Amino acid sequence: MSSLSLYDTLSRTVQPFVPLKKGEASIYLCGATVQAPPHIGHIRSGVNFDILRRWLEKSGFNVTFIRNVTDIDDKILQKAVLEKSPWWAVAMKYERAFTDAYASLNVLPPTYEPRATGHITQMIELMEKLIENGSAYAPGNGDVYLEVRKLSSYLTLSGQKIDDLLPSDDATETFKKDPKDFALWKGAKPGEPSWPTPWGDGRPGWHLECSAMAHAYLGESFDIHGGGLDLIFPHHENEIAQSQSAGWGFAKRWMHNAWVTTSGEKMSKSLGNSLQVTELLKLVRGIELRWYLGSAHYRSMLEFSQSALEESATAFRRIESFLYRAEEILGQAPTPTLSHDFVSAMNDDLALPQALATISQSLRTGNTAITAGDKKALAVSANEVRGALEVLGCDPYDVTFAQSNGGKSRSGDLTSALDGTIQLALAQRASARDRKDFAASDAIRDGLLALGIAIEDTPQGPRWSITSKEER
RNA sequence: GGUCGGGUGGCCGAGAGGCGAGGCUCAGGACUGCAAAUCCUGCUACACGGGUUCAAAUCCCGUCCCGACCUCCA
C-alpha cells in the first residue's frame, strides 16, 4: 500500500507526510471570520480539509482537528453598525450560518472550535513573551506591533521580499518603527469592544488569535496548517512571524485550497446572494453540492456555473442509484471497502479527479455485473463505490443525508406506507401491461411521475424512486 | 513594480517527455411494448511562434491572454 504524500506551500513540492508523533495528525484550519453568510468559496475550504481529515483517519491516524472562529474583527464591527445589532449578536448569527452550512454538507465538526474572544488570555501571554524577548513593542497608544525585520525567515512562505511589497494604507502610521510592522493588538477606540491588557484596553489584531489558539490546542508545533490561498500573505506569514518569534516551531506543513471562481474571477461579496450555500441548497441536495465541491483538485480553481453544478449532481445521482440497485439485488447495503487504485489516488496529494475516475470504473464494472447477474462481482464493485464515497463524505447511507434519500429500501413507517401504496399502483400497471393495455400502464407511470415517483422497469421487476424537482 | 498560479475537446476537469484520465453533453447501436436505467461504439483536444529530442500538451526560448496576492479575504 502506498503512503500519503501532500503538497507543502512552503517548499512548493509534494512530500511524504511524516507526522510529528507516530499515529497522530494535528491540523489547524483557519475557519471563518463570521461577518457574512457563507458562500460556496468559504465552504469549499471546509469540504477540502474535511476530506483530508477523513483520509488521514481512514489511513489510521488519530486526528486532532482545530478550526477557529474569528468573532472579533473590523468587518464584524462595521456589520454591527449596519445591522444596528450588537457585534456579538452579529458574530453569533453568522457563526450559526457557517455551522449550518458545514452540517448540511456533512463536514465533520472539528475536534475543537475555538473562538478568538475566548482566548484573550492566551493572546496577552503571547504578546508578553514577544515584548519580553524584543520581537514586539508597545509604543504607548494601546497598540502592540511585531517588528518584522527582526525575523530573518519573514515572508518565506509567500516568497516575497519585504522591500518589494507595495506600501500599505497605514504606512504613515507614526507609532510603527517600520511601516511593514503589523499590529498584534489594537488600542481601544470609542464605542468599540475592548479587553484590558498591560498596555491599555484594546482588541486583537487579525492574526494573533490563530497563533495563540494553535499553541493552546496543538502545542508549539503541529503537522498541518491550512486555509485559503489568499491567507498565505499576510495572514499566514504573520502567524509564522509571531509564533516563531515566540520560539515555537509552529506548522510543519502548509496547505492551501484554491478558489471557487465565477467567470474566471475570484468570488466576491459584490456577487450578491446567489452563491450562498443556502441558495445553492435550493438547487441541489447537500450531498450533491459536496460532491461538486470535492470533484476538482483542492489546489485547482473550480469554475462555478449552475449547469456544471447540475451536471455534477446528475453524475452523483447515477452513482447513488447504482448503490441502491446493488442493495436491492444483494439484499443488504454495500460494505465500504477501498480499491487499490482509489487509495493510490488519494495518497498522491488527494488526487480527487483520479479518485473519481476509479469510482467510474467500479461503477461500470458493477453495472455490467448487474446485467450479467454476477452478484459476487457486483458486491465487490458496490463495496468499492461506497467505500470511496464514504471517504469523500458523500456516502448516501450516512445519517446526515439519510433524510433526503429516495428509494424503497429506506426504513420508516411513512416510507413503508408509501411503498405499499406504490406497489398497489404497480400491480395495476403490471396487469395492464399483461393485457397489452399500454395506454393504461403509461398513465399510471405518468401519474406517479407527476407526483415525483419515477418508475423504472428492470429485469428484477419495476423499482421506484423519488425524483428531484427538476426532473419532473 | 514584486510574488504566485493558469490557458487542454461542445462543457467540466486530470495529467506533465512515448501508452486517447475521467465525467457530462451529443450521435449511432444493443436491450425495451414504449420510456427509464444500463452496456457498447463514435466525437484524437492541449493559447501562439520557434527550438531541443527518435518522440513534446509535457522540456527550453520568445509572444499573447487570464487570474490571485502585495497588511484584517476561504
Side-chain angles (χ1 to χ4, degrees), chain A residues 9 12 29-33 35-36 38-46 48-49 70 73-76 148 155 158-171 179-183 186 204-207 226-235 237-238 256-261 263-269 292 295-297 299-305 307-312 314-316 318-319 321-322 325 345 351-361 363-364 366-368 370-372 433 436-438 441-442 445-446 449 454-459 462-463 465 471:
Chain A
T9 306
R12 305 198 189 272
L29 174 64
C30 280
T33 299
Q35 45 99 8
H39 59 61
I40 52 167
H42 295 121
I43 223 70
R44 180 186 185 186
S45 182
N48 286 161
F49 283 96
T70 296
D73 151 87
D74 286 2
K75 284 188 178 162
I76 294 170
V148 295
L155 301 184
S158 59
Q160 299 180 100
K161 292 192 177 68
I162 195 162
D163 292 310
D164 287 342
L165 299 179
L166 293 174
S168 65
D169 289 344
D170 64 347
K180 300 294 193 294
D181 292 349
F182 65 89
K186 297 177 173 191
W206 179 32
H207 322 290
L229 259 184
D230 55 339
L231 296 181
I232 293 175
F233 184 87
H235 185 60
E237 290 287 10
N238 289 356
H256 294 92
N257 65 278
W259 306 126
V260 178
T261 56
S263 310
E265 285 179 37
K266 176 182 172 180
M267 228 165 250
S268 68
K269 309 279 184 302
Y292 171 70
S295 63
H297 187 92
R299 286 191 281 121
S300 295
M301 301 290 171
L302 177 63
E303 172 65 19
F304 177 84
S305 72
S307 61
L309 173 63
E310 282 166 357
E311 277 177 13
S312 176
T314 303
F316 180 76
R318 181 168 173 255
I319 299 167
S321 86
F322 163 71
R325 285 181 67 198
L352 261 289
Q354 280 87 336
L356 265 45
T358 72
I359 296 176
S360 296
Q361 182 58 54
L363 192 66
R364 190 174 302 118
N367 276 320
T368 303
I370 290 177
T371 309
R433 291 179 75 199
K436 306 249 186 266
D437 183 356
F438 297 121
S441 74
D442 288 352
R445 185 172 64 195
D446 293 346
L449 185 62
I455 302 302
E456 293 167 36
D457 294 316
T458 75
R463 66 189 295 271
S465 57
E471 282 174 328

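Given the structure is predicted, the values throughout are model-derived calculations rather than measurements. Just so it is clear: chains get the letters A, B, ... in the order the sequence lines come, proteins before strands, and each one is counted from 1.
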Exercise. Considering only heavy atoms from C-beta outward, does the side chain of A/His39 approach that of A/Val260 to under 4.5 Å?
Worked result: no
Exercise. B/G33 and B/C26: how far apart are their P atoms, nearest whole angstrom?
Worked result: 24 Å
For this session: Kindly point out which of B/C70, B/A74, B/A21 is positioned nearest to the side chain of A/Leu231?
Result: B/A74
Seminar exercise, completed: Listed range with range, the stems formed with RNA chain B by at least 3 consecutive Watson-Crick or G-U pairs (under 3.5 Å) are B:1-7 with B:64-70, B:10-12 with B:22-24, B:26-30 with B:38-42, B:47-51 with B:59-63
For this session: For nucleotides B/A37 and B/C64, find the distance between their C1' atoms and express it as a whole number of Å.
Result: 48 Å
Exercise. What do the steps show when you test A/Leu165 against A/Leu155 for side chain to side chain contact (heavy atoms under 4.5 Å, CB included), and what is the final call?
Worked result: CA-CA 10 Å; A/Leu165 299 179; A/Leu155 301 184; 4.0 Å; yes
Problem set entry | Rounded distance (nearest 0.5 Å) linking atom OG1 of A/Thr458 with atom CZ of A/Arg325 | 6.5 Å
For this session: Could you give me the CA-CA distance, side-chain angles and deciding distance for A/Thr9 and A/Arg299, then say whether side chain to side chain contact (heavy atoms under 4.5 Å, CB included) is met?
Result: CA-CA 10 Å; A/Thr9 306; A/Arg299 286 191 281 121; over 6 Å; no
Problem set entry | d(NE2, A/His256; C1', B/A74) in whole Å | 10 Å
Problem set entry | Of A/Phe233 and A/Asn257, the one whose closest RNA chain B nucleotide lies more 5' | A/Phe233
Problem set entry | Closest non-hydrogen atom pair, A/Ser45 against A/Leu29 | OG-CD1, 4.1 Å
Under 3.5 Å, which N/O atoms of the protein pair with N/O atoms of nucleotides 4-12 of chain B?
none

Exercise. Which whole number of Å gives the distance between the C1' atom of B/G15 and that of B/C54?
Worked result: 23 Å
Exercise. Could you give the NZ-to-P distance, from A/Lys161 to B/G2, as a whole number of Å?
Worked result: 10 Å
For this session: State the CZ-CD1 distance between A/Arg318 and A/Ile359, to the nearest 0.5 angstrom.
Result: 12.0 Å
Exercise. Taking the P atom of each, how far is B/C12 from B/G20, in whole Å?
Worked result: 24 Å
Problem set entry | Side-chain donor or acceptor of A/Gln35 paired with backbone N/O of A/Asp73 under 3.5 Å | no
Could you pull out the protein-nucleic contacts involving nucleotides 39-46 of chain B (nitrogen or oxygen on both sides, under 3.5 Å)?
residue : atom : partner  : partner atom : Å
B/C39   : OP1  : A/Arg318 : NH2          : 3.4
B/C39   : OP1  : A/Asn367 : ND2          : 3.3
B/C39   : OP2  : A/Arg318 : NH2          : 3.1

Problem set entry | Distance, rounded to the nearest Å, where A/Phe182 contributes CZ and B/C70 contributes C1' | 15 Å
For this session: To the nearest Å, give me how far apart CZ (A/Phe316) and P (B/G13) are.
Result: 19 Å
Problem set entry | A/Thr33 vs A/Lys75, side chain to side chain contact (heavy atoms under 4.5 Å, CB included): CA-CA, chis, key distance, verdict | CA-CA 9 Å; A/Thr33 299; A/Lys75 284 188 178 162; 5.6 Å; no
Exercise. Within the side chain of A/Thr358, is there an N or O that forms a donor-acceptor pair under 3.5 Å with the backbone of A/Ala355?
Worked result: yes
For this session: State, with a plain yes or no, whether a side-chain heavy atom of A/Tyr292 is found less than 4.5 Å away from one of A/Phe304.
Result: yes
Check nucleotides 31-36 of chain B against the protein and report each pair of N or O atoms closer than 3.5 Å, with its distance, or say if there are none.
residue : atom : partner  : partner atom : Å
B/G33   : N7   : A/Arg433 : NH2          : 3.4
B/G33   : O6   : A/Arg433 : NE           : 3.3
B/G33   : N1   : A/Asp442 : OD1          : 3.1
B/G33   : N2   : A/Asp442 : OD2          : 2.9
B/C34   : O2   : A/Arg445 : NH2          : 2.7
B/C34   : N3   : A/Arg445 : NH1          : 3.0
B/C34   : N3   : A/Arg445 : NH2          : 3.4
B/C34   : N4   : A/Asp457 : OD2          : 3.0
B/A35   : N1   : A/Asp457 : N            : 3.1
B/A35   : N1   : A/Asp457 : OD2          : 3.4
B/A35   : N3   : A/Arg445 : NH1          : 2.9
B/A36   : N1   : A/Asp457 : O            : 3.1

For this session: Please work out if A/Ala183 contacts a base, only the sugar-phosphate, or nothing of the nucleic acid, heavy-atom cut-off 4.0 Å.
Result: nothing
Exercise. Between A/Thr314 and A/Glu310, is there a donor-acceptor pair closer than 3.5 Å when you use the side chain of the first and the backbone of the second?
Worked result: yes
Problem set entry | A/Arg44 side chain to A/Ala258 backbone, donor-acceptor under 3.5 Å | yes
Exercise. Roughly how far, to the nearest 0.5 Å, is the NE2 atom of A/His235 from the CZ atom of A/Phe182?
Worked result: 10.5 Å
Problem set entry | Closest listed nucleotide, where the reference is the side chain of A/Ala296 and the choices are B/A14, B/C70, B/A74 | B/A14
Exercise. Given atom CG of A/Leu155 and atom P of B/C69, what is their separation to the nearest angstrom?
Worked result: 17 Å
Exercise. What is the nucleic acid contact for A/Ile232, judged by heavy atoms within less than 4.0 Å: base, sugar-phosphate only, or nothing?
Worked result: nothing
Problem set entry | Interatomic spacing from CD in A/Glu311 to OG in A/Ser295 - rounded to 0.5 Å | 11.0 Å
Problem set entry | Which atom of A/Cys30 lies closest to which atom of A/Leu231, heavy atoms considered | CB-CD1, 3.6 Å
Problem set entry | B/A56 versus B/A45 - spacing of their C1' atoms, nearest Å | 15 Å
Exercise. Considering only the P atoms, how many Å lie between B/A35 and B/G29, rounded to the nearest integer?
Worked result: 12 Å
Exercise. Could you give the CG-to-C1' distance, from A/Leu352 to B/A14, as a whole number of Å?
Worked result: 11 Å
Exercise. Which nucleotide in the set B/G22, B/A74, B/C69 lies at the smallest distance from any side-chain heavy atom of A/Gln160?
Worked result: B/C69
For this session: May I ask you to say what A/Asn48 touches in the nucleic acid, namely base, sugar-phosphate or nothing, with a heavy-atom cut-off under 4.0 Å?
Result: nothing
Short N/O separations, protein against nucleotides 15-20 of chain B, under 3.5 angstrom:
none

For this session: Please state how far atom NE2 in A/His207 lies from atom C1' in B/C70, giving the value in whole angstrom units.
Result: 13 Å
Problem set entry | Polar pair under 3.5 Å, donor/acceptor by atom type, side chain A/Asp164, base B/U3 | no
Problem set entry | For A/Ser300, side-chain contact (heavy atoms from CB on, under 4.5 Å) partners two or more places apart | A/His297
For this session: Using whole Å, report how far CZ of A/Phe49 lies from C1' of B/A74.
Result: 9 Å
Problem set entry | Nearest-angstrom distance, C1' atom, B/G17 to B/C60 | 13 Å
Exercise. Any side-chain heavy atom of A/Arg445 sitting closer than 4.5 Å to one from A/Asp457?
Worked result: yes
Exercise. Between B/A21 and B/G28, how far is it from one P atom to the other, in whole Å?
Worked result: 26 Å
Exercise. Within the distance-only criterion (no hydrogens, no angle test), does the side chain of A/Thr368 pair as donor or acceptor with the backbone N or O of A/Arg364 below 3.5 angstrom?
Worked result: yes
